[in-house]
Structures are given as structure tokens and as C-alpha cells.
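The structure appears below as C-alpha cells.
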Amino acid sequence: MANNKSISKAYDPVAVEKKWYGWWEEQGFFRADPHSDKPHYSVVLPPPNVTGSLHMGHALNITLQDLIARWKRMQGYDVLWLPGTDHAGIATQNVVERRLAQEGKRRTDLGREQFEKVVWEWKEQAEGNILNQARRLGCSCDWSRQRFTLDEGLSRAVREVFVRLHEDGLVYRGEYLVNWCPRCTTAISDLEVEYQPAQGKLWHIRYPVEGGTDVLVVATTRPETMLGDTAVAVHPDDERYAQLVGGTVILPLMDRKIPIIADSFVDREFGTGVVKVTPGHDPNDFEVGRRHQLPIVKVIGEDGKMTQEAADFAGMDRSEAREKVVEALQDLELVEQIEEHLHNVGQCQRCETVVEPLVSKQWFVKAKPLAEVTVEAVKARRTVFVPENYERIYFEWMNNIHDWCISRQLWWGHRIPAWYCDDCREVTVAREAPSRCEHCQGEALTQETDVLDTWFSSALWPFSTMGWPDKTPELDRYYPTSTLVTGFDIIFFWVARMMMMGLRFMGDVPFHTVHINGLVRDEKGQKMSKSRGNVIDPLEIMDEYGTDAMRFTLTILAVPGTDIPFSISRMAGYRAFCNKIWNAGRFLLLNLDDETPASVQEIDTFREKNQLDLGERWILSRLQRVISETNINLEKFRFHEASNELYHFFWHEFCDWFVELAKRNLNGEDLEEKHRTCRVATYALDESLRLLHPFIPFITEELWQELPHSGDSLMLAQYPVDHPEWIDTEAEEQMDGFKELVTDIRTFRSENNIDPRKRIPAQLVCEKQQESFLESQCEQIKSLAHLSQVDLVPQFDSEGGRVPGVSRVADFVLILDDVIDVEADRQRLIQQISRTEENVQRLHKQLQNSEFVNKAPEQVVATARERQAEAVEQLGKLQEKLDGLPQS
RNA sequence: GCCCGGUUAGCUCAGCUGGUUAGAGCGCCUGGUUUACAUCCAGGAAGUCGGGGGUUCGAGUCCCUCACCGGGCACCA
């Protein structure tokens, strides 16, 4: 029967991929339904920053989430996958500032309001760009619920959380030493400081002791901060300096008298054992200063330049001041020694400027009380990390947590909901702009100009996006979310903070599972970076290889807990896989004799009536195992195993063997057989497409639509469930023997340089027990081994120098006109014998070992015995063949 | 300094709870227009699983140790 379906001969991924996304979205297939009676599964997309475009890291992250979402949806879940973007305060502000700089403008030229407007314009454009890229990836999230961290709803949640934390005493304002970026001119949190090794110097400087000729030599890496010294410190047990404690030194250049104090933070071994104390510009010194009530002198300002407190050095940049201070000290002969010194220098995560610790009035979140409960929650396994070892990292950080500086001196972000009274100067914190000061009732109020750390709003993402603080059906149903998929680099920035806020404000963890994905590197395992020039743009490779191939590559390489060495050549291999799928689909379409979808019942009927042939029984059996394995692997987030197995199954079992075997029936005269094989093929292909859909959604939808199907979309079809009763161990064993025999004949031909095009008659020598099985497979063996005729014979006849081949289920003789190279065959047999002998000896030894026989599980011993028997038999046969070879 | 991860074929990597003769892709070699597929097909070569020790009937897999390579955290001026 002719069919009217046809698909193009060549697989063109871009053409295929253009077709489906818009339709899926229009049809509303991505929508979650809070009123559904299905079980639910929820995921929030880690919101990409609106700083630019998507990179390979996003491609990986989105692919894995999409895989989960599609799989769960096909399993019958009501899936909420909630998308959105992050305003990314400092990062976005920097991007826009850089663009302004190209026009020779600064943000201060525009003013706050105008600048914010420009950033919003940028945001609109960047967001559109990013989300279209996500669509290109096949991202099946519910766009009707798209959020942005600066949305009105989310901003309300931010204010609510801030106010409540303030009410509970967990948000406070105070003057502390913070990390300051002089370029971004804002405070940043400890996490935003990145330490880089730098070759510096250690200057040994003499501080004259007051009232005598003694000097104390201090060692410092930052001589410019000496201008702000308010003490020198030694270790309380350091006998060298014990008598000086309580005295004073004269601070050079400033002629200020500062005390000599004792504090155990001093390391006696380092430098001279004397430390200059600059509470205004060093975290340790700040702590020492508090313990000893030392004054704070701020010598470096927020612009990175020396302040008026720096006297003669005022106005200099801090690096210039360093040189000048050293010069001045040298002039006074107060520099005793200069050592080379390798140390770590803190830089701003966003602009790599050296961070300046300085004292500043900022807002903080008291972290400890928030952190403790999250540790308990993870210990109780309410949230599970995959892979589990990230738990340790998480605990370590949570247990050593410091207060979180949340105010930023930026213009782009959530303005802190605090108002200062112009009269009494007190602060009023409120959800909405208050009309009066809560302290003096004054009406002249000015809002705090600082904004919040961008991670403050992302910390609320799992619930702020669902409508919190209102009670909504979404929160009710989808919180806690099922799974979070994110990178290890933001465990502290984001995951930890979501845990804190979720438990605090929702009373429950924000997600049950955190799946950590690795970094996408280049194929040599190097980090992708502009300077290395090894950055791969996902859009470019999707154009060239297709989204499906890229997704499959990412998935198969995504071993949990490891980075991903992304390889173009590997992706080319997976594009070839897609092509293989395409052609398998095409082949079946060319042979289709029935337009109805193949059902389980239909196949089961064939099965029950014993109508299926070996290949059919085998592929159905294998399919069940693959279905089961795939589901188990996905359950465990073992995406790489799942995709690997599907790849192997589809190509090297379904295509290489089943389809090859099926050709005989499909091309044959027996219509009943043809029909049955066609039905089994349709069924197996349909199931394969379903299995593969979450990995490679486009090509599978395209083919599924062409094949007989019921339902609108493969997206909505049921994900395969295995039928254990279809597992057919006998068929699997027989098929193994069959495959070995065919492969052995092929190898024999190849090794003997027999023209692959030539069809040759062959004899199979087999035992009685294999006879009927082999008889039934003669035609298939003939076709797959490229033989002209296959005869079963009881015994090998060496007449005419015919060299026998040996296989597990049968020996074979190819009947050739030409005499083949007997010597080569002798060598081959000798090699085969030696290999088999080794095998026999190994097994023999193992079985002689009474400990093995007694202690190993029965099953293991039994298989060892079987294998030994087989090997011995094989060895005999091989030896016989060798002896039978004509002498040369 | 503390903590994690890695070291398996020429390259990049799999190998879950210890149990056949350790796998994949790419690359390499030999040969192929068998009418789905040259983005293909058939066959092949190639690994003392980083070194050493231990536990076990049995170790790539568990433990200890050493070496090297990554990464994270902390940071002493």
C-alpha cells in the first residue's frame, strides 16, 4: 500500500526547529494550572541577569530544566516552570554606565531619575533578547507567569520582607567596616569580593617609642594606611615587647601619639611581631579597635583618594599615596627593610577594582538566626543537594556566616523602604511612604537613597514570583518547589539566601531538591573567556548544528558534580544521531501500511499469540529495559546516563539490528508479516520518540507528527512506562548469539579480505539444540552477513582447504572459489586459542578457590561455572579447527 | 592553612549500590554507492584504570598514603 507521507531526505535542524516552538506556546502547552487535579511539579527558573545575552552556562541550565519539565509533564504532572529575569543591580548598572561612557557621559550627568529610565530601556531590550534565546532553546516555561525582580509585585514582597526583618530586629543600620568598591562607589558584601594573588611588598617601618631612643618596627603591606593608625599592637605573651605595652609611639609623618597595646590576634611569627592598627581600613584592625576603644581615622575616602585626615597626602589616589608615604618615610630613614611578599588582594567581583575596606554606615541583615534553621532543614533532608557533597560546602558556609551588608550606593535596584526625618534625624521603616516620622511626628521625610543588594530580591524568588505576601492558589499549590537547577557558583549568593528567606517567611524550604550543574568549559577543559577567545555562542552553534544536537550534547556530558568539556566534534556526532533518528523515521514512513497509531494492546496481542519473530521479541524486550532505566536515571538526575543509553539503544540496537532485520519482512511478499513488523516498528519508534522528547524536543515532535499518532502533540503524550512482562530473556539470549554469529562472519570476511560485495554460500555447523533456532534465522543470517546461501550441516568437512570460522552458537564455513590465506587463519586461530585459554585458566583458578565458591553469591558462582564450561567447549572446537587446517 | 573534586584508549570523558574479557564520542587504520541515512555501513588497532600499601573470595569501584592538576573557603598586617 502506498502512503502519501514523505519527509525530506536531508535532516535540516533549523527548518524543523522553526516549526514547533511558536505552536506549542500558542496552544498553551507550557501553562501550569493551579486548579488542575493532576499531581504538581514546580520549578523556578534561575532568573538570568538583564546584562546581556545567554551563554553556554544558561544553555545547560535551561536544557536540564526543560528536560525535567517535559519529562514530568509527559508523566502526567501539572508542571509549573516559572520564568523571569533579574535586575542584577550592580552588574546592570555597570553595563549601562559603560555604554554611557562611550557617549562620553556619566550617570551623574543624567541624574538619578533619567538614569533609571535609561536602564529600564536597556532592560526591555536585553530581556527580550534573552527570553527569545530561551525560546530558541526549546524552553517550555510558563511565559504567562513571567516575572522581573523589579516588578511591582516583587518589589512589594521586598519591602514586606525588609520591614518584617526590621521589626524582628534582624535588619539594622550601623557604622561598620565594609568592603567598598571605589569604582562602583558602593559597599559590597563579603561574597562580592574575590581574592587574587598579587606580588606585593612588605615594608618594615620604624615607629619611634615616646620617651627614649627605642623604635618599634612594624611590617605592613599597605604603608599608606599608616596615616590612619591609632595604635600598634603586640602579642600579650611576647616577651620582646612586654615592657613597652601601655606606652606610646609617635606615628611618623603625622606626629600623632598612639598607644602600644597587647592583643592576641597578633602573630608573633609574622614580620616583626608588631602590627600597626588601622581600624578605619582593615577588618582585623577594626575588631581590635573595638576591643580597645581605639578611635577610627578614615584616611581613604569613598572615591579611593586620600581624605583631609591624610594631611599632606590628602587628595592623592591611594596607590600614589603609597609611593609618596614610602618616599617620605625613606627620607626620614624610617624604612628598615622592604621584602617581596606574595599575598591575596581583594577585588570587586564586578569591576576588578581593588576593594577598599572602610568604615561606613550601612544596612545589615543579622544572618545567624536565619542560617541556623536552614542547616537543620538540610540535615533533616527537607532539602537535598544533588550531588550530595555540596551539602558540606553549604554547611560550612552557613555555620560561619557573617552579617550581610545589604545596602548599595547604586541607583538601579529596590530603594530601601526607610525614611529619615529632617527634624529629629531618626529613621522610619515602612511598607509604603509614611506621612509622618514615627519618632517626632515630623512631616519632612526623606527616603533612603541606597538600594538593596540584588540578591536580597532574588532570595525571595520562589515565593515572591507566586504572589507573596498575598495568599494565592499558586503559593498554596507550588510552594515549596520541587527542584531547583543552578550552578555551584551561586550556592552562597542565592541558594543559601533563598533557604533563609523561604524558611523565615513561608515556614518551609523553597525547594525539595537542589540540582547543581557544572560549568561549561571548552573541550580542553578550560574556562570559556573572552581573553582566551574560546567562548562558544549557543546561538551560533544552534544555527549550525541545531538546538536538539546542542541539547543532547550538553545533556550527555552533564555528569553531576563535574564541569562540562563542551566539544564541537562531539556535538557533530550528536547531530549525526539526530540525522539517524530522522532517517529511521523516514524509513518507516516509506514502509507504512497502516495509518493508525500502534497500541500496547495490539502489540500485546501479537505477543500473546506468539506471532512475533526473534527480532521483534528482542526489540520489545530491550525497549522495556531502556524505558525502565531511563525513568530511573531521570529520577536520580543522571541525565548523562539516560541520554547515553537512549543513544545506544536507538542507534545500535533499534537501527543497526532491529530495522535491518525488519527489512526482510517489510520488503517481503507475506502481507501479514509485513503488517506485523510494521506495527512493531511503529510502536517501538513511537516509544523511542517519547523517550527522547525531553532531550531533543524538536526533531521528535516533527517525526511524531508525521507518524500515525493520536493527540495533539508529543509534548502531551504519555511518557513510556515499562511492561516488565514483555521482557523476554530467551529472545535476548538468542539474539546475542545471533548477533555474535553475524559479527563473527563479518569479521572473518574482513580479516580474510573477502570482497564485501560478494555473496558467498556458507555452511553452519551446529549442535542439535541450536538447530531449530538457526534454521529459523537462516534467511536473516544470509542477509546480514551478505551470504548467498546458508546450509545447516551436522559436521564440518575440511575438504578443499576450507577454513572454518568459530562462533559461540555455531561454526561456519564460507565456501570460496579462491583459496584463502591459510597462514593468516592459522595465526588468527592461534591467537583466539590463547585468548580463550587465558580465559579458561582465569575461571578455573577462580572456581578452584573454595573461598570464592563458598563466599560469593550463588548467582556469581553459577555464571562463572557456565562461562567456564562454554570457554572449555570453545577451546576444544578451536583446537580441532587448528588441527584440521591443511599443512602449509 | 582548611575543605572538596580529578588523575581510565592519541584527545575529551563515562563507568550508579565492588562481581563477565573496562566503555563512548572524536581521531586513527582497512574496506564499502547491501534502494532510511556518506550527517552512512562493515571491520580493526589502541588502556599494567597516576604511584605505593591495605580490606575482600573478588577492587577502576571501598580504606590509607604519596605525587600531580583543578576548584572552593579563610586569610597574618
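Lettering of chains follows the sequences in order, A, B, ..., and the numbering in each one begins at 1. Everything numeric in this text was worked out from a predicted model, so none of it was measured.
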When you check the phosphate oxygens OP1 and OP2 of B/C4, does a side-chain N or O of A/Arg392 lie under 4.0 Å from one of them?
-> yes

Rounded to whole Å, CZ of A/Arg749 lies from C1' of B/A42 at a distance of 10 Å

Please state the C1' separation for the pair B/C4 and B/G27 - nearest whole angstrom.
-> 34 Å

Ignoring backbone atoms, establish whether A/Lys9 has a side-chain N or O less than 4.0 Å from OP1 or OP2 of B/C37.
-> yes

Is the shortest distance from a Lys or Arg side-chain nitrogen in A/Arg222 or A/Glu356 to a carboxylate oxygen in the other one below 4.0 Å?
-> yes

Can you sort out the partners of A/Glu660 under salt bridge (Lys or Arg N to Asp or Glu O under 4.0 Å), two or more places apart, ordered by chain and number?
-> A/Lys663

Between A/Asn400 (CG) and B/G72 (P), how many Å, whole number?
-> 18 Å

Would you classify A/Thr562 as touching base, sugar-phosphate or nothing, given that sugar-phosphate means primed atoms plus P, OP1 and OP2, and contacts are heavy atoms under 4.0 Å?
-> sugar-phosphate

Taking the side chain of A/Tyr195 as heavy atoms from C-beta outward, which of B/C75, B/G5, B/A36 is closest to it?
-> B/C75

Protein-proximity profile, nucleotides 25-31 of chain B, B/S/- by nucleotide at the 4.0 Å heavy-atom cutoff, equals SS----S

Between A/Tyr390 (OH) and B/C73 (P), how many Å, whole number?
-> 12 Å

Verify the contact: side-chain N or O of A/Lys663 to OP1 or OP2 of B/U34, cut-off strictly under 4.0 Å; return yes or no.
-> no

Expressed as a whole number of Å, how far does the C1' atom of B/C57 sit from that of B/A14?
-> 29 Å

Hey, what do you get for CZ (A/Phe587) to CG (A/Leu685), rounding to the nearest 0.5 Å?
-> 11.0 Å

Atom CD1 of A/Ile754 and atom C1' of B/G44: how far apart are they, to the nearest Å?
-> 16 Å

Could you pull out all residues at least two apart from A/Lys855 that satisfy salt bridge (Lys or Arg N to Asp or Glu O under 4.0 Å)?
-> A/Glu851

Does A/Thr220 make a side-chain N or O approach to OP1 or OP2 of B/C76 shorter than 4.0 Å?
-> no

Would you confirm whether the ring centroid of A/Tyr574 sits within less than 6.0 angstrom of the ring centroid of A/Tyr545?
-> no

Is A/His343 near enough to B/A77 that one of its side-chain N or O atoms lies under 4.0 angstrom from OP1 or OP2?
-> yes

So, A/Arg746 side chain and A/Ala785 main chain: donor-acceptor pair closer than 3.5 Å or not?
-> no

Expressed in whole Å, how much space separates the P atoms belonging to B/U7 and B/G15?
-> 9 Å

Angle class for the A/Trp651/A/Phe577 ring planes (parallel below 30°, perpendicular above 60°, tilted otherwise)?
-> parallel

Taking N and O atoms by type only, does the side chain of A/Glu660 place a donor or acceptor under 3.5 Å from a partner on the base of B/A36?
-> yes

From the candidates B/A36, B/A77, B/A74, the one with an atom nearest any side-chain atom of A/Asn344 is B/A74

Indicate, with a heavy-atom threshold strictly under 4.0 Å, whether A/Val275 touches base, sugar-phosphate, or nothing.
-> base

Test item: side-chain donor near acceptor, A/His402 and A/Asp190, under 3.5 Å | no

Here the distance between atom P of B/G70 and atom CZ of A/Phe488, to the nearest Å, is 15 Å

Taking only side-chain nitrogens and oxygens of A/Arg746, does any of them come within less than 4.0 Å of OP1 or OP2 of B/G44?
-> no

Please step through salt bridge (charged side-chain N to carboxylate O under 4.0 Å, His left out) for the pair A/Glu732 and A/Arg625, ending with a clear verdict.
-> CA-CA 11 Å; A/Glu732 288 180 357; A/Arg625 294 194 195 269; 2.8 Å; yes

Would you mind classifying the nucleic acid contact of A/Asn284 as base, sugar-phosphate or nothing, using non-hydrogen atoms under 4.0 angstrom?
-> sugar-phosphate

Do the side-chain N or O atoms of A/Thr747 get closer than 4.0 angstrom to the phosphate oxygens (OP1, OP2) of B/G44?
-> yes

When all nucleic acid strands are considered with a 4.0 Å heavy-atom cut-off, which category describes A/Thr743: base, sugar-phosphate, or nothing?
-> sugar-phosphate

Could you list the donor-acceptor pairs under 3.5 angstrom formed by side chains in residues 489-496 of chain A, with sequence neighbours left out?
residue: A/Trp494; atom: NE1; partner: A/Ser458; partner atom: O; Å: 2.9

Base-pairing string, 5' to 3', of RNA chain B - Watson-Crick or wobble, under 3.5 Å, | interstrand | (((((((..((((.....[...)))).(((((.......))))).....(((((..]....))))))))))))....

For A/Ile581, which of A/Tyr11, A/Phe650, A/Phe654 qualifies under side chain to side chain contact (heavy atoms under 4.5 Å, CB included)?
-> A/Phe650

Which value, in whole Å, describes the distance between the P atoms of nucleotides B/C68 and B/G25?
-> 36 Å

Please determine, for the side chain of A/Lys580, which listed nucleotide (B/C41, B/G15, B/U34) has the closest atom?
-> B/C41

Would you classify A/His341 as touching base, sugar-phosphate or nothing, given that sugar-phosphate means primed atoms plus P, OP1 and OP2, and contacts are heavy atoms under 4.0 Å?
-> sugar-phosphate

Check the angle between the aromatic planes of A/His515 and A/Phe637 and answer parallel, tilted or perpendicular using the 30° and 60° thresholds.
-> parallel

Within this structure, what is the CZ-to-P distance between A/Arg586 and B/A36, rounded to whole angstrom?
-> 8 Å

Charged N-O contact under 4.0 Å between A/Lys782 and A/Glu779 | yes

Provide the distance between the two P atoms, one in B/A59 and one in B/A22, to the nearest whole Å.
-> 14 Å

Could you tell me whether A/Glu641 contacts a base, only the sugar-phosphate backbone, or nothing, with contacts defined as non-hydrogen atoms closer than 4.0 Å?
-> sugar-phosphate

Under 4.0 angstrom, heavy atoms only, what part of the nucleic acid is A/Phe577 near: base, sugar-phosphate, or nothing?
-> nothing

Given atom CH2 of A/Trp651 and atom P of B/U39, what is their separation to the nearest angstrom?
-> 11 Å

Write down the distance separating the C1' atoms in B/C13 and B/U17, rounded off to the nearest Å.
-> 22 Å

Which one, B/C73, B/A36, B/U12, comes nearest to the side chain of A/Cys655?
-> B/A36

Aromatic ring centroids of A/Tyr390 and A/Phe385 under 6.0 Å?
-> no

With sugar-phosphate meaning primed atoms plus P, OP1 and OP2, does A/Thr221 contact a base, only sugar-phosphate, or nothing at under 4.0 Å between heavy atoms?
-> sugar-phosphate

Could you encode protein contacts along nucleotides 54-60 of chain B as a string, one character per nucleotide from 5' to 3', using B for base contact, S for sugar-phosphate-only contact and - for no contact, with a heavy-atom cut-off of under 4.0 Å?
-> ---B---

Charged N to carboxylate O below 4.0 Å: is that the case for A/Lys201 and A/Glu339?
-> no

What nucleotide among B/G70, B/U39, B/G15 has an atom nearest to a side-chain atom of A/Tyr11?
-> B/U39

Separation between CG (A/Leu60) and CG (A/Leu554), nearest 0.5 Å, reads 5.5 Å

Assign A/Asp267 to base, sugar-phosphate, or nothing according to its heavy-atom contacts below 4.0 angstrom with the strands shown.
-> base

Just how far, in rounded Å, is C1' of B/A42 from CG of A/Asn752?
-> 15 Å

Nearest-angstrom distance, C1' atom, B/U33 to B/G70 = 49 Å

Between B/U61 and B/U8, how far apart are the C1' atoms? Round to whole Å, please.
-> 12 Å

Is the shortest side-chain N/O distance from A/Asn633 to OP1 or OP2 of B/C16 below 4.0 Å?
-> no

